[in-house]
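Reading through the structure tokens given below for one structure.
Whatever order the structure lists ligands and atoms in, that order sets their numbers, starting from 1. Given the structure is predicted, the values throughout are model-derived calculations rather than measurements. Only heavy atoms go into these numbers, but all of them, side chains included; no hydrogens, no water, no symmetry mates. All residue numbers refer to positions in the sequence shown, counting from 1.
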Amino acid sequence: MEDSNRSGNPSIHEVSDPARRVFVRGGLAAAAAGLLGPLAAAGCASPGGHTVSAAAAAPGLPGRSIGFRSVPMAAVDRVVVPPGYRAEVLYRWGDAIGIAGRMPAFRPDGGNTAAEQALQAGMHHDGMHYFPLDGSARGLLAVNHEYVDDGLLHPDGQRTWSEEKVRKSIAAHGVSVVEVARAPQGGWRLVRPSRFARRITADTPMRVAGPAAGHPMLRTEADPEGRRVLGTMANCARGYTPWGTYLTCEENFADYFRAPEQPDAHQRRWGLGRRSGSFYRWHEHEPRFDARLHPNEFNRYGWLVEIDPYDPESVPVKRTALGRAAHEGAALAQTADGRVVVYMGEDARFEYIYKFVSRDAVREGGYAANRDLLDHGTLYVARFNADGRGEWLPLVHGQGPLTAANGFADPGEVLVKARQASDLLGATKMDRPEWTAVDPLTREVYCTLTNNSQRGEPGRPGVDAANPRANNTMGQIIRWKEDGDLDARRFAWSHLVLAGDPQAQRPGARGNVKGDAFGSPDGLWVDGRGVMWVMTDASGSATGRGDYAGLPNNQMLACDPTRGEMRRFLLGPHGCEVTGLTATPDLRTFFVNIQHPGEPPGDRSDPARPTRHSAWPDGSGRPRSATVVITKDDGGVIGT
Ligand code: FEO
Ligand code: CA
Ligand code: CA
Ligand code: CA
């Protein structure tokens, strides 16, 4: 996991700060005393003094009540859901997406060609969203394919290497759009062929828009104007807009580039060269991924990409106004006057949480009326002060330290170098911010901070109020409430929960979870009735050992955030991450992604023993990331 922040900012959170110590102690004590417990029906006291007024769930949906029976701890190589629910595999790596006349069958030995892979589901499903075609009965799923396990992707893994293998790896990345429908006999099916079926890969032409479009740092030999990029990759979590488009977020893009022998300060700050060579070996046959030859190609990744899932001919757009980061995900909401606010985590150790506020209000008329809405606005980075208050620091060229003298020639450079800008502004270095979510009932915002085992190590940042544990193997969920509308510059924050197993041997790993224990929170969504769903991503090598000895496989839990009690809804197969939750508008169908079942240490499976850690979902052949569809036997709302 990337760990590139060597900036000296800020001093406000030092361990020696007595105010911080008091706050942290008080925070934990308050949690133990029931701060996370049942709250008054009319609203709840949010730390920081805010009263969160209760709002009604969306029309036709029940309130926050959670009614299912918790799934007990088990170590099984399958998806387990509570009694009364069904989980069925819908869309696996290698399944044809459904382009008419071009639907190659999956070859369980990894033998599909690159051209076939470009017509099939990619690997390692991550963020996802359901876009209705016919309400809750038929729709499109946009699905991220974050990265690949080359040990499974090719018959002999990386033992031999070729341009064809690079092409296949590129084709297994990106996004797919598939049509899904409720089947007449119950359950769900892929609609194939479908005129909407589409693969976007790390080779698909896309446009660059916003203040950094055309910037000198984005210009390359192949694209001297810096406005047209081939592809998106490392597509982790997602966002979705009020005008019906999908956002895919480029996270660990640094792993795809061959670094120079001596990376410069900018490249180092963005994690280039932290691995020797390139993990994916694309540069051996695709020179643009060799940063020794084409240094600016690296700056063309790390963006949010907007995709219109309803138009298979549409050109995806990299939205630079939202800033460059190892983007995890994006949670959108609107101000009272209709502007859009985008909350974004940057998942790397000691990186930041961002917020973008659009200049313009969302217009009626779908994407056609909002094509440039994400190109104009203000980007902010979060500082979490030790007293439970926080502020949003603007990344605006010419303001404060963001001047030419400090290495920011223009607004575009501030966005390309958002990390360096945030360092100078004194943003808070977080424990790997993953997904963000906005509670539609209270407008509180949540972010999963998945873990950070290097917090407090010699030479690395120590604990602070927002990131209060050294050797943080378990993670936490932080929340904040803006002072007024969502465009506010200040907020009050607290922790919803510090994750961990209360029985863990190491006191620092125990946390304060009420209900079912978990660690490494990652995927996060608050559904339309206000139920929070937390998905976990402890690495395969951590699961069942050390601080995780008493915890099960990765899981999905439900929580009423006004009560704070966690209840396990789903257990995943061995070695998987659970992620990507989305639902039909009526919340009677959930779609969840099971990513990298059987993940081996080092992220590379042995092609001679592909089922060593998991044989899910087929029971033989190679383990396959897949979308799972969850329904309730009585047809009811999931989780009630
Ligand atoms: Fe791709 Fe931070 O998870
Ligand atoms: Ca994630
Ligand atoms: Ca993760
Ligand atoms: Ca993962």
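For Trp282 and Phe289, the gap between ring centers is short of 6.0 Å. Ring centroid separation for the pair Phe491 and Phe384 comes in under the 6.0 Å cut-off. Ring centroid separation for the pair Tyr240 and Tyr130 does not come in under the 6.0 Å cut-off.
When you scan the N, O or S atoms of Glu328 for the one nearest atom 2 (Fe) of ligand 1, you land on OE1. Between atom 1 (Fe) of ligand 1 and the N, O or S atoms of Glu146, the shortest distance is to OE2.
Seen from the ring of Trp93, Arg622 does not count as a face-on cation partner, given the 6.0 Å and 45° thresholds.
Here Asp537 meets the criterion, with an N, O or S atom under 3.0 Å of the Ca ion (ligand 3). Taking 2.8 Å as the criterion, Glu434 does not count as a coordinating residue of atom 1 (Fe) of ligand 1, since none of its N, O or S atoms falls below it. The distance from atom 1 (Fe) of ligand 1 to the nearest N/O/S atom of Asp537 is not under 2.8 Å. Within the coordination shell of the Ca ion (ligand 3), defined by N, O or S atoms under 3.0 Å, Asp347 is absent.
Geometry about atom 2 (Fe) of ligand 1 gives an angle of 80° between OE2 of Glu251 and OD2 of Asp347, rounded in steps of 10 degrees. With the Ca ion (ligand 3) as the vertex, OD2 of Asp522 and OE2 of Glu434 span 90° to the nearest 10°.
Classification of the Phe590-Phe569 ring pair by plane angle, with boundaries at 30° and 60°, yields tilted.
Between the side chains of Gln555 and Thr536, no donor-acceptor pair of N or O atoms lies under 3.5 Å.
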